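For reference, the structure is listed below as structure tokens.
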Amino acid sequence: MSKLIQAFVNGKIYTSFQPKKVADGIVIAHEKILYAGDSKKATKIVKELGGEVIDLQGKTILPGFIDSHMHLNTLGQSLHMLDLNGTMSIDEFKKKLKKYAESVGTTWILGFGWDQEDLGRYPTKEDIDEVIKDRPVFLSRTCFHAAVLNTKAIELIGLEEGEDVDLERGIVKENALEKVRDVINQNLTVEDYKQFIEEGAKFALSQGVTSIGFVSVNEKSLRALLELDSEGKLPIRVFVYLNPSLLEELKKLGLTRNIGSKRVKIMGIKILADGSLGARTAWLSKPYEDAPTSGQPNISKEELERIVQEAQQLGLQMAVHAIGDRTIDMVLDVYEKFGEERYRIEHASIIREDQIERMKKLGAVASVQPRFVISDWWAVQRVGKERAKWIYPFNSMLKKGVPIGFGTDSPIEVVNPWETVYAAVTRGKFEGIETYRYTEEECMSIEEALHLYIYGSAYIMHSENELGTLEEGKLADFIIVDKDPLEVEERELKNIKVLEAYVGGSKLY
């Protein structure tokens with residue numbers, strides 16, 4: 001029998017969600033869907049071709065999830081870091097840090113996931129110094145836009161007081177934080193990055209994610225990714241959005257969008273234009289409700305224009321992190337100047353109705369992270385009740401015709417797509433999240449959420465002709481799950497399990 005030709009029969013196979021199309025048999029040949037429809041016909045085709053018939057025994061298949069925005073290297077790295085998500089007090093913070101430090105022999109102690117709203121206040125260098133003095137410690141906030149360091153780390157890096165540096169508390173934010181990361185990462189090799197990326201990719205696949213948008217890719221990550229691909233060790237498809245510092249190299253090499261292989265494609269440039277709501281560094285058009293600041297941009301409009309122009313000359317897609325509505329104004333101004341469709345806005349956390357209209361007019365697209373609605377349970381406190389309706393207005397964007405793809409920003413949010421689908425459908429209804437009270441009408445149907453997480457993400461990454469559905473001629477990337485997502489209660493969505501995952505028709509999980 002030829003394993004290049006397979007039929008999956010006697011199942012419930014969702015080939016697309018909008019419109020909803022269901023088959024009970026599919027045929028895969030040479031990594032693509034050859035036929036989708038009736039099990040008897042699928043069996044007949046494969047037997048005539050000498051292929052293999054797999055009986056699903058009633059199980060459910062759907063296209064693989066496409067995470068449009070994640071940090072694959074950091075995801076892999078985070079699997080070995082101190083995870084402080086869900087830490088509810090400074091005392092618990094210290095206990096977790098002490099236990100973790102005793103379990104690892106690394107020079108640096110690295111961690112992530114704390115939220116001052118849960119802890120009651122920002123952690124400080126004194127808190128860490130009480131636990132660890134002899135090793136440098138670097139612990140990122142859950143948003144990765146702020147971090148706390150101990151005295152040893154501050155001394156090693158040579159930090160000085162500044163706009164984004166609070167030496168007294170050991171807190172760094174935004175541009176200063178990037179410099180700290182650069183210093184720490186200087187000691188990492190391409191081999192280290194290969195390990196992180198391979199582990200991250202395998203983990204993502206185990207969660208049902210078969211393709212990703214890998215954002216903020218630096219030179220070492222790119223080299224690692226390409227080496228893994230050439231070695232046949234990359235189990236998922238990766239669409240690459242590079243740091244702007246690599247633009248010069250791209251120009252020298254003449255690389256354009258879609259250059260790559262079956263597994264890795266260069267797509268565009270990712271820019272960090274502002275910060276986060278949690279750290280109050282996202283740039284708002286009016287001050288925060290709970291602090292006398294409006295945040296600030298991480299890049300000037302002139303610099304953004306320069307990068308967009310250079311990227312456009314190479315045919316590259318832009319992906320700009322813009323959480324605050326003032327940042328979105330700036331990004332749309334620049335996009336309008338260059339007139340390119342499918343330029344991306346990442347997150348679009350606080351977005352006004354007029355901006356949604358403008359995105360539609362410009363042909364701009366959005367990569368959003370529904371799980372933020374639940375994680376950022378304090379969002380209404382940040383922006384106030386008057387602006388609460390602007391917090392992730394998914395349905396408003398859909399109704400206006402703005403293309404949306406879903407992502408997790410992992411490791412900021414968990415990779416598990418069912419957590420994201422659950423959040424998009426419920427918006428914190430069962431957790432008592434205040435945002436739900438003001439934005440209930442923005443809840444999506446399960447079909448809408450699945451469509452955006454699969455086809456929507458494919459579309460915003462220019463790959464809807466190959467991915468996003470299981471229609472004939474498209475790549476055979478799909479998952480088998482233990483429950484039909486359209487037949488479970490909302491509360492049960494996040495409990496759905498992935499049993500198997502296939503990429504190009506090959507079972508890789």
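Computed over heavy atoms, backbone and side chain alike; hydrogens, waters and symmetry mates excluded. All values derive from a computational prediction rather than experimental measurement.
- Residues Val380 and Ala388 come closest through the heavy atom pair CG2-CB, 4.2 Å.
- Taking all atoms of both residues into account, the shortest heavy-atom contact from Trp114 to Leu139 is NE1-O, 2.9 Å.
- Checking side-chain atoms of Asp164 against main-chain N and O of Glu174 turns up no donor-acceptor pair under 3.5 Å.
- Remark: Arg223 CZ is loosely packed, at most 12 non-hydrogen atoms of other residues, nucleotides or ligands lying under 6.0 Å away.
- The pair Glu198-Lys202 counts as a salt bridge, with a side-chain nitrogen and a carboxylate oxygen less than 4.0 angstrom apart.
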May I have the step-by-step check of salt bridge (Lys or Arg N to Asp or Glu O under 4.0 Å) for Lys125 and Glu168, ending in yes or no? CA-CA 8 Å; Lys125 67 178 182 182; Glu168 185 176 344; over 6 Å; no
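- The only option from Asp118, Asp376, Asp115 that meets the salt bridge (charged side-chain N to carboxylate O under 4.0 Å, His left out) definition with Arg141 turns out to be Asp115.
- Of all heavy-atom pairs between Leu284 and Gly324, the closest is CD2-CA, 3.8 Å.
- Checked by atom type and distance alone, the side chain of Gln381 never pairs as donor or acceptor with a backbone atom of Trp378 at under 3.5 Å.
- Using a 4.5 Å heavy-atom cutoff, the side chains of Ser396 and Glu442 are in contact.
- Between Cys443 atom SG and Lys429 atom NZ the span is 6.0 Å, to the nearest 0.5 Å.
- Residue Asn73 forms a side-chain contact (heavy atoms from CB on, under 4.5 Å) with just one option from Asp192, Leu188, Ile197, and that option is Ile197.
- In this structure the side chain of Leu246 reaches within 4.5 angstrom of the side chain of Glu219, judged on heavy atoms.
- Between Ile391 and Ile350, some side-chain heavy-atom pair lies under the 4.5 Å cut-off.
- Residues Met359 and Leu332 have side chains in contact (heavy-atom distance under 4.5 Å, counting atoms from C-beta outward).
- Among Leu225, Asn185, Leu72, the one residue that satisfies the side-chain contact (heavy atoms from CB on, under 4.5 Å) test with Tyr193 is Asn185.
- No side-chain N or O of Trp283 forms a donor-acceptor pair with one of Asp325 less than 3.5 Å apart.
- Atom CD of Glu500 has more than 12 neighbouring heavy atoms from other residues, nucleotides or ligands inside a 6.0 Å radius.
- Ring geometry, Tyr455 versus His451: the interplanar angle falls under 30°, so the pair is classed parallel (tilted spans 30 to 60°).
- With values rounded to the nearest 0.5 angstrom, Ser463 atom OG is found 7.5 Å from Lys265 atom NZ.
- Across every non-hydrogen atom of Ser410 and Leu75, the tightest pair is OG-CD1, 3.4 Å.
- For the atom pair NZ of Lys59 and CD1 of Ile479, the computed distance is 14.0 Å after rounding to the nearest 0.5 Å.
- The pair Glu227-Lys194 counts as a salt bridge, with a side-chain nitrogen and a carboxylate oxygen less than 4.0 angstrom apart.
- Proximity of a side-chain donor or acceptor of Thr106 to a complementary backbone N or O of Ile109 within less than 3.5 Å is not detected.
- With hydrogens and angles disregarded, no donor-acceptor distance shorter than 3.5 Å links the side chain of Ser78 to the backbone of Met81.
- Residues Phe138 and Ile184 form a side-chain contact, since some pair of their non-hydrogen atoms from C-beta on lies under 4.5 Å apart.
- Side-chain N/O atoms of Asn175 and Glu178 include no donor and acceptor closer than 3.5 Å.
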Applying side-chain hydrogen bond (donor to acceptor under 3.5 Å, both in side chains) to Gln195 and Glu191, what does each step give before you reach the verdict? CA-CA 6 Å; Gln195 179 184 338; Glu191 288 300 316; over 6 Å; no
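- Between Glu431 and Tyr436, the side chains place no donor N or O within less than 3.5 Å of an acceptor N or O (distance only, hydrogens not considered).
- Side-chain atoms of Tyr14 and Asp484 form a donor-acceptor pair, as typed in the model, at a separation below 3.5 Å.
- No side-chain donor-acceptor contact under 3.5 Å links Ser506 to the backbone of Leu508.
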Using salt bridge (Lys or Arg N to Asp or Glu O under 4.0 Å), reason through Glu441 and Arg427 one step at a time and then give a plain yes or no. CA-CA 10 Å; Glu441 70 281 359; Arg427 292 183 72 91; over 6 Å; no
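- The number of heavy atoms from other shown groups lying within 6.0 Å of NZ (Lys179) does not exceed 12.
- Using a 3.5 Å distance cut-off with no hydrogens or angles, the side chains of Ser349 and Tyr392 do pair a donor with an acceptor.
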In sequence, state the C-alpha distance, the side-chain angles, and the governing distance for Asn495 and Glu492, and then conclude on side-chain hydrogen bond (donor to acceptor under 3.5 Å, both in side chains). CA-CA 5 Å; Asn495 297 324; Glu492 292 301 310; 3.3 Å; yes
If you apply the rule side-chain contact (heavy atoms from CB on, under 4.5 Å), what do you find for Val334 with Tyr343, and how did you get there? CA-CA 11 Å; Val334 174; Tyr343 273 177; over 6 Å; no
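- Proximity of the aromatic rings of Trp418 and Phe65 is defined here by a centroid distance below 6.0 angstrom, and this criterion is met.
- The closest donor-acceptor contact from the side chain of Asn150 to the backbone of Arg135 lies under 3.5 Å.
- Salt-bridge formation is not detected for the pair Asp329/Lys301: no Lys NZ or Arg NE/NH1/NH2 atom is positioned less than 4.0 Å from an Asp or Glu carboxylate oxygen.
- Open room surrounds CD on Glu353; 12 or fewer heavy atoms of other groups in view lie less than 6.0 Å from it.
- For the residue pair Ala458 and Ile66, the shortest heavy atom distance occurs at CB-CD1, 3.7 Å.
- Between His347 and His69, the ring center distance clears the sub-6.0 Å criterion.
- Within 6.0 Å of CD in Glu160 there are 12 or fewer heavy atoms belonging to other residues, nucleotides or ligands.
- In this model, a donor atom of one side chain and an acceptor atom of the other lie less than 3.5 Å apart for Thr87 and Lys96.
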Is there a salt bridge (Lys or Arg N to Asp or Glu O under 4.0 Å) between Lys95 and Glu92 once you walk through the steps? CA-CA 5 Å; Lys95 287 178 179 177; Glu92 184 184 0; over 6 Å; no
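- Applying the 6.0 Å contact sphere to NZ of Lys483 captures more than 12 heavy atoms from other residues, nucleotides or ligands.
- Partner of Ser367 under the side-chain contact (heavy atoms from CB on, under 4.5 Å) criterion, chosen from Ser457, Pro403, Ser68: Ser68.
- The pair Arg382-Glu117 meets the salt-bridge criterion, since a charged nitrogen lies less than 4.0 angstrom from a carboxylate oxygen.
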Please report the C-alpha distance between Arg169 and Asp166 in whole Å, then the side-chain angles of each, then the deciding distance to 0.1 Å, and finally whether the salt bridge (Lys or Arg N to Asp or Glu O under 4.0 Å) criterion is met. CA-CA 6 Å; Arg169 295 190 298 163; Asp166 180 348; 2.7 Å; yes
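- At a threshold of 4.5 Å between non-hydrogen side-chain atoms, the residues Ile307 and Ile269 count as touching.
- In plain terms, the two heavy atoms of Tyr422 and Arg491 that are nearest each other are CE1-CA, 4.0 Å.
- By the 4.5 Å heavy-atom criterion applied to side chains, Leu62 and Phe478 are not counted as neighbours.
- Contact annotation: the side chain of Leu272 never approaches that of Ser216 to less than 4.5 Å [non-hydrogen atoms, C-beta and beyond].
- Asp409 CG to Glu346 CD: the interatomic distance, rounded to the nearest 0.5 Å, is 8.5 Å.
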